[in-house]
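Structure first, then comments.
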Amino acid sequence: MELPKRKNIRLKEYDYSENGAYFITICTYNRRKILSNITVGEGLRALPSVELTTTGKIVEEAINFINKAYKNITVDKYVIMPNHVHLLLSMRAGGHGDPPLQVYDIVGRMKSFTTYKYGKILWQRSFYDHVIRNENDYRETWEYIENNPSSWAADEFYR
C-alpha cells in the first residue's frame, strides 16, 4: 500500500536560509486552546489581554531563546494565541552555521524543545510560512500580529 504524499507547501527554488523576513504560523495539535487565554475589556478603547498558560510560557521561553541563541536570526514580533503562534522571523547574512540554518530548522527546534517541555504532542505537523516580499508586506504582517488578539473571536483558528 502506498501512502499519500504530503503536498510541499514551501516555495520551489527558494532558499529558506536567505536574508529576509518570514511570517510563520504554528498551530497546536488538534487546535487545542492550551497556550493562552484572551479577554477583551469593556468600553470603546478596551484592549485585549493575552494571558499565557504554563504551556504558553514555555513557548514564549523558546521564542526568547531564538533571539538570544542565534546571532543573525531574530523574532521581530510574535503573538501566542490560544491555539496557534504567529512569528515574524528575520534572517540576516552570516552566522547561520555550516550548513546554513533554514527557517524550518529554527521552527523545528522550537517545536521540539516545547514539545519536550510539554511532555506530549503539542503541535500540528508542519507550519505555515509566508516570505515577506517588501516593506509594505512587513508592515502589514506586523500589524496583523499586533491586532490578532483583538480579532480572536473571528479568527479562522478559533473554532
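Keep in mind the model is a prediction, meaning the values are calculated, not measured.
Classification of the Tyr144-His86 ring pair by plane angle, with boundaries at 30° and 60°, yields perpendicular.
In summary, the side chains of Asn136 and Glu140 do present a donor paired with an acceptor at a separation below 3.5 Å, with no hydrogens or angles considered. Checked by atom type, the side-chain pair Ser90/Asp76 shows a donor-acceptor distance below 3.5 Å.
Contact detail for Ala62 and Phe113: the closest heavy-atom pair is CB-CD2, 3.7 Å. Closest heavy-atom contact between Gln124 and Lys111: O-NZ, 2.9 Å. The heavy-atom pair separating Asp137 from Val131 by the smallest distance is OD2-O, 3.7 Å. Of all heavy-atom pairs spanning Ile24 and Val107, the tightest one is CG2-CG2, 3.9 Å.
With contacts defined as side-chain heavy-atom distances shorter than 4.5 Å, the pair Asn148/Met81 qualifies. A heavy-atom distance below 4.5 Å is not found between the side chains of Val79 and Glu146. Taking 4.5 Å as the limit, some side-chain heavy atom of Phe127 sits within range of a side-chain heavy atom of Tyr104. Side-chain contact between Ile66 and Ile73 is present, with at least one heavy-atom pair separated by less than 4.5 Å. With contacts defined as side-chain heavy-atom distances shorter than 4.5 Å, the pair Phe23/Asp129 does not qualify. Within the 4.5 Å cutoff, side-chain heavy atoms of Pro82 are placed close to those of Ile38. Using a 4.5 Å heavy-atom threshold, the side chains of Met110 and Leu87 count as touching. Annotation: side chain of Met91 is in contact with side chain of Val103 (closest heavy-atom distance under 4.5 Å).
The existence of a salt bridge linking Lys57 and Glu61 is excluded, since no basic side-chain nitrogen approaches an acidic carboxylate oxygen closer than 4.0 Å.
Not one N or O on the side chain of Thr28 forms a donor-acceptor pair closer than 3.5 Å with the backbone of His84. Panel note: side chain Asp105, backbone Gln102; a donor-acceptor pair is recorded below 3.5 Å. Judged by distance alone, with hydrogens and angles left aside, the side-chain atoms of Asn83 form a donor-acceptor pair with the main-chain N or O of Arg31 at under 3.5 Å.
Rounded to the nearest 0.5 angstrom, Arg125 CZ and Tyr29 OH are separated by 11.5 Å.
The environment of Tyr138 atom OH is dense: over 12 non-hydrogen atoms of other residues, nucleotides or ligands sit within 6.0 angstrom.
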- [ ] Given side chain to side chain contact (heavy atoms under 4.5 Å, CB included), test Leu88 with Tyr78 step by step and report yes or no.
- [x] CA-CA 6 Å; Leu88 181 53; Tyr78 70 92; over 6 Å; no
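The only member of Val85, Ile80, Thr55, Thr114 that meets side chain to side chain contact (heavy atoms under 4.5 Å, CB included) when paired with Glu60 is Ile80.
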